[in-house]
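Everything quoted here is computed from the prediction, not taken from an experiment. Counting starts at 1 for both ligands and their atoms, following the listed order.
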Amino acid sequence: MENTEKIKVLIIGSGPAGYTAAVYAARASLKPVLYTGSQPGGQLTTTNDVENFPGYPEGINGPQMMMDLQKQAERFGTKVHFAQITAVDFSSYPLKVTVDGKQVLEAESVIVATGASAKYLGIPSETTFANRGVSACAVCDGFFYRGKEVAVVGAGDSAAEESTYLSKLCTKVHLLVRRGEMRASKIMQERVKNTPNIQIHWNTQTEEIVGDEHGVTGVRINTNGESRVIPVQGFFLAIGHKPNTEVFQGQLDLDEAGYIKVMPGSTKTNVEGVFAAGDVADRIYRQAVTAAGTGCMSALDAEKFLAAQEMELAHQ
Ligand code: NDP
């Protein structure tokens with residue numbers, strides 16, 4: 001049987017965007033209800049130290065930061081549920097979302113902050129060495145590889161940008177390109193090609209990441225059928241991200257890569273009362289601090305929307 005419960009602000013996602021939206025909505029007495037999804041805390045729980053979030057001069061451990069954000073959101077009255085939103089129906093108002101395929105909730109506004117996930121190659125050693133030499137974010141983790149040799153896999157703008165970024169910190173960057181050309185923009189390719197400590201390995205597949213109990217020691221690559229191990233201490237994935245928007249297909253306007261489209265300068269989606277914040281609507285910046293920023297914006301947008309709804313009702 002259907003169980004319905006009406007909520008003023010329902011937040012989907014528990015990364016910096018979701019929790020920041022919760023802090024703002026809770027402090028505006030909107031009693032937000034937040035559903036964490038399958039990875040409570042989001043992408044930051046897969047990283048070690050976060051040293052680029054303002055306000056932490058000594059850096060902060062990623063999972064710790066997310067627990068702190070959760071506590072901060074709860075302190076002001078956010079209800080956090082460790083469950084998954086499995087379906088939404090935004091075709092009528094109030095908005096409807098289904099939790100774990102069972103419970104249907106009604107909400108006056110919804111903030112989507114489901115994030116994005118880095119794409120992985122699908123080889124077992126990626127998981128074995130996760131957080132021990134394998135990373136999907138050079139800006140987050142590159143610092144830990146100062147003075148070391150690393151590999152980057154990918155051939156798009158992200159791979160070009162991450163290789164260039166790492167080349168300033170590392171002794172050498174091996175860029176592993178699976179075809180004989182790169183997809184990255186010309187200017188970014190030129191930058192990579194003109195950086196002396198970046199070596200491009202064309203027509204190269206990553207076979208396996210190798211290492212020991214301390215972490216990554218190398219990567220086994222295959223170039224034109226020839227297999228060999230190159231010594232690296234860090235292995236960076238830059239083969240793209242996938243926004244977590246499966247559940248919103250057909251409900252919200254998405255761009256060609258699946259990111260939620262928002263009105264420029266706001267977090268408004270094409271559906272009234274539905275807002276999007278963080279990486280799910282951002283294919284460019286993808287930083288914790290930018291996610292927190294748009295999370296704040298989404299709560300303010302939701303608050304304004306709800307106030308306008310109330311005014312409208314009062315005048316009816
Ligand atoms: P892209 O989808 O553009 O590129 C992914 C790259 O990864 C491709 O070159 C692809 O190779 C390669 N790849 C995919 N799977 C594998 C695999 N299994 N093994 C080896 N290589 C693989 O993703 P990006 O993240 O680079 O960019 C996403 C979007 O963000 C783009 O629109 C980009 O322009 C934009 N962006 C812009 C930036 C900027 O302007 N500063 C910075 C970063 C991103 P192949 O080419 O063979 O398919």
Could you identify the single nearest non-hydrogen protein atom to [atom] and state the distance to 0.1 Å?
{"atom": "atom 10 (C) of ligand 1", "result": "Arg178 NH2, 3.9 Å"}
{"atom": "atom 18 (N) of ligand 1", "result": "Leu121 CD2, 3.4 Å"}
{"atom": "atom 34 (O) of ligand 1", "result": "Asp157 OD2, 2.6 Å"}
{"atom": "atom 45 (P) of ligand 1", "result": "Arg183 NH2, 3.4 Å"}
{"atom": "atom 42 (C) of ligand 1", "result": "Glu161 OE1, 3.4 Å"}
{"atom": "atom 30 (O) of ligand 1", "result": "Arg283 O, 3.9 Å"}
{"atom": "atom 25 (O) of ligand 1", "result": "Ser158 OG, 2.5 Å"}
{"atom": "atom 22 (C) of ligand 1", "result": "Ile239 CG2, 3.4 Å"}

- Give a yes or no on whether atom 28 (C) of ligand 1 lies under 4.0 Å from any heavy atom of the protein. no
- Considering only protein heavy atoms, determine whether one is less than 4.0 Å from atom 32 (O) of ligand 1. yes
- Looking at CG of Leu252 and OG1 of Thr269, how far apart are the two atoms once the value is rounded to the nearest 0.5 Å? 5.0 Å
- Message: To the nearest 0.5 Å, what is the distance between OG1 on Thr36 and CD on Gln84?
- Response: 8.0 Å
- Task: Report yes or no: do Gln64 and Asp68 form a side-chain donor-acceptor pair below 3.5 Å?
- Result: yes
Please identify which atoms of ligand 1 are closer than 4.0 Å to at least one heavy atom of [X].
{"X": "Ala155", "answer": "6 (C), 7 (O), 9 (O)"}
{"X": "Val153", "answer": "20 (C)"}
{"X": "Arg179", "answer": "45 (P), 46 (O), 47 (O)"}
{"X": "Gly240", "answer": "23 (O), 25 (O)"}

- Query: Is the number of heavy atoms from other residues, nucleotides or ligands under 6.0 Å of Glu226 CD greater than 12?
  - Reply: no
- Is the shortest side-chain N to carboxylate O distance from Glu108 to Lys8 below 4.0 Å? yes
- Message: Closer than 4.0 angstrom, basic N to acidic O: yes or no for Lys261 and Glu256?
- Response: no
- When His174 is tested against each of Ile230, Val150, Ile221 for side-chain contact (heavy atoms from CB on, under 4.5 Å), which residue passes? Ile230
- Item | Centroid-centroid distance, Phe236 to Tyr145, less than 6.0 Å | yes
Can you list, pair by pair, the side-chain donor-acceptor contacts under 3.5 Å of residues 286-298, counting residues two or more places apart and other chains?
from, atom 1, to, atom 2, distance (Å)
Arg286, NH1, Arg283, O, 3.0
Arg286, NH2, Ser158, OG, 3.4
Gln287, NE2, Tyr285, O, 3.0
Thr290, OG1, Gln287, N, 3.1
Thr290, OG1, Gln287, O, 2.9
Thr294, OG1, Gly278, N, 2.8
Thr294, OG1, Thr290, O, 3.2
Thr294, OG1, Ala291, O, 3.2
Ser298, OG, Gly295, O, 2.6

- What residues form a disulfide bond (SG atoms under 2.5 Å apart) with Cys137, not counting sequence neighbours? Cys140
- Message: Tell me the contacting part of Thr206 for ligand 1: side chain, backbone, both, or neither, using a 4.0 Å heavy-atom threshold, strictly below.
- Response: neither
